[in-house]
Amino acid sequence: MNFPHNPTGAVPDKGTWGALVELCDERGIHLFSDEVYRGLELNRDTTLAQGADLSPKALSLNVLSKAYGLPGLRIGWIACRDPVVLDRLERAKQYTSICNSAPSEILGLIAVRAGDELLEKNRQIIAHNLLSFNAFFSRRPDLFQWQEPQGGCVAYPRYLGSEGVESLCTQLVEEAGVLLLPASVYHSSLTTTPDDRFRVGVGRGGPQEDLDVWAAWLDTRRRA
Ligand SMILES: Cc1ncc(COP(=O)(O)O)c(C=O)c1O
């Protein structure tokens, strides 16, 4: 599981999340919960409990590179209350690397202790950016079906243009240098996936410049 979800930005309600954890517990399944965008919900009341807090078998994955905005530290972790799982994870980790960077661990500790402030700062950046994205997409209802992410820093809108989203993304990056991830990137052999959506990042400060380049490219194409 991964909530807030990359790429859709979806966050289930707490009842659904609790039922899912329970379902795994009843069946003896280790729920692997990727929580790297946890804390970036637009509405903080919707933040889900960590999987590892709800279930003695669940694994909660987190990193400093996403919601905390500190990718340079290269620090992440898995929380789990099952000692057998922890032992196996430790062995796997030691097989590939002796230890983390010690300065990164110290900086990571400082970051986690200041976690509330970092998450608040990053939530504000996203909320502010979304004003620009909402305005951009609301001006083009014939081309895009836009929905704000409930959490996280990416969104997965629908492209309505007749040439299709793969063509849009290829032309946009080649002609204007604006990179979006088309639906084919998210193709899965496990389930059907939409073929008219694209992922766009909404977490980097100052998106207006990129949106202006994108808008100018769309306008030029419309006139051609
Ligand atoms: C949902 C999710 N989980 C985990 C990761 C991995 O994070 P990192 O780059 O810190 O290894 C990513 C990175 O994009 C992600 O989107």
Side-chain angles (χ1 to χ4, degrees), residues 1-12 14 17 21 30-133 148-155 179 199-210:
M1 298 295 144
N2 160 229
F3 300 118
H5 183 243
N6 174 5
T8 61
V11 180
K14 290 178 184 173
W17 178 231
V21 174
H30 289 281
L31 173 68
F32 187 89
S33 173
D34 179 328
E35 300 167 3
V36 303
Y37 295 106
R38 185 170 179 272
L40 290 187
E41 298 77 11
L42 271 190
N43 172 359
R44 257 337 284 270
D45 294 341
T46 64
T47 302
L48 301 174
Q50 299 174 101
D53 281 337
L54 293 183
S55 160
K57 285 174 85 77
L59 293 83
S60 284
L61 171 82
N62 216 328
V63 292
L64 290 175
S65 64
K66 298 293 185 296
Y68 295 90
L70 298 166
L73 296 186
R74 306 312 305 153
I75 293 281
W77 61 90
I78 290 176
C80 181
R81 285 186 273 152
D82 183 334
V84 177
V85 171
L86 283 182
D87 187 57
R88 289 179 63 191
L89 287 171
E90 190 183 345
R91 282 163 198 274
K93 168 80 173 79
Q94 287 186 350
Y95 188 71
T96 54
S97 59
I98 297 172
C99 63
N100 289 327
S101 144
S104 282
E105 286 203 339
I106 290 170
L107 292 171
L109 204 55
I110 295 170
V112 169
R113 286 181 181 148
D116 287 346
E117 286 91 334
L118 289 173
L119 293 175
E120 178 58 26
K121 174 178 155 246
N122 293 333
R123 266 197 310 277
Q124 279 182 19
I125 291 174
I126 292 169
H128 184 71
N129 287 350
L130 284 175
L131 301 175
S132 301
F133 282 92
E148 278 189 343
Q150 294 167 298
C153 58
V154 293
L179 178 65
R199 191 185 86 161
V200 58
V202 299
R204 189 181 292 194
Q208 194 56 54
E209 195 181 325
D210 303 314

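Once rounded to the nearest 0.5 Å, the distance linking CD of Gln124 with CD1 of Ile126 reads 11.0 Å. Taking CG of Asp210 as the start and CG of Leu179 as the end, the distance is 10.5 Å to the nearest 0.5 Å. Put simply, CG on Leu64 and CZ on Arg74 are 10.0 Å apart, with the number rounded to the nearest 0.5 Å. Between Ser33 atom OG and Trp17 atom CH2 the span is 3.5 Å, to the nearest 0.5 Å. In this structure, Ile75 CD1 and Leu70 CG are separated by 10.5 Å, a value rounded to the nearest 0.5 Å. With rounding to the nearest 0.5 angstrom, the NZ atom of Lys14 is 11.0 Å from the CG atom of Leu54.
Listed here is the closest heavy atom pair of Tyr68 and Val63: CD1-O, 3.6 Å. Across every non-hydrogen atom of Ala52 and Ser60, the tightest pair is N-OG, 2.9 Å. Between Ser55 and Val21, the shortest heavy-atom distance links the atoms CB-CG1, 3.6 Å. Heavy-atom minimum distance, Glu35 versus Gly51: OE2-N, 2.8 Å.
Heavy atoms from other residues, nucleotides or ligands lying under 6.0 Å from CZ of Arg204 number 12 at most. Atom CZ of Arg88 sits in a sparse spot, with 12 or fewer heavy atoms from other residues, nucleotides or ligands closer than 6.0 Å. Enclosure of atom CG in Asp87 by more than 12 non-hydrogen atoms of other residues, nucleotides or ligands within 6.0 angstrom is indicated.
With 3.5 Å as the limit, one finds a donor-acceptor pair spanning the side chains of Glu105 and Asn100. Side chain to side chain, Thr46 and Glu41 fail the donor-acceptor criterion of an N or O pair below 3.5 Å.
Looking at Phe133 and Glu148, their side chains never come closer than 4.5 Å, going by heavy atoms from C-beta outward. Using a 4.5 Å heavy-atom cutoff, the side chains of Leu130 and Val202 are in contact. Here the side chains of Gln150 and Leu42 are not in contact, with every heavy-atom distance at 4.5 Å or above. Side-chain contact between Asn129 and Ile125 is present, with at least one heavy-atom pair separated by less than 4.5 Å. The shortest side-chain heavy-atom distance between Asp34 and Asn6 does not fall under the 4.5 Å cut-off. Side-chain contact between Leu89 and Ile78 is present, with at least one heavy-atom pair separated by less than 4.5 Å.
A salt bridge is absent between Lys93 and Glu90: the closest approach of a Lys/Arg side-chain nitrogen to an acidic carboxylate oxygen does not fall below 4.0 angstrom.
Between the side chain of His30 and the backbone N or O of Lys57, at least one donor-acceptor pair lies under 3.5 Å. Of the possible polar contacts, one joining the Thr8 side chain to the Ala10 backbone as a donor-acceptor pair under 3.5 Å is found. Judged purely by atom type and a 3.5 angstrom limit, Ser65 has no side-chain atom pairing as donor or acceptor with the backbone of Pro71. No side-chain donor-acceptor contact under 3.5 Å links Arg38 to the backbone of Pro4.
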>> Run Asn43 and Val11 through side-chain contact (heavy atoms from CB on, under 4.5 Å) and show every step you take.
In response: CA-CA 10 Å; Asn43 172 359; Val11 180; over 6 Å; no
>> What verdict does the side-chain contact (heavy atoms from CB on, under 4.5 Å) test give for Arg44 and Arg123, after you've listed the backbone C-alpha separation in whole Å, the side-chain angles of each residue and the deciding distance to 0.1 Å?
In response: CA-CA 9 Å; Arg44 257 337 284 270; Arg123 266 197 310 277; 3.0 Å; yes
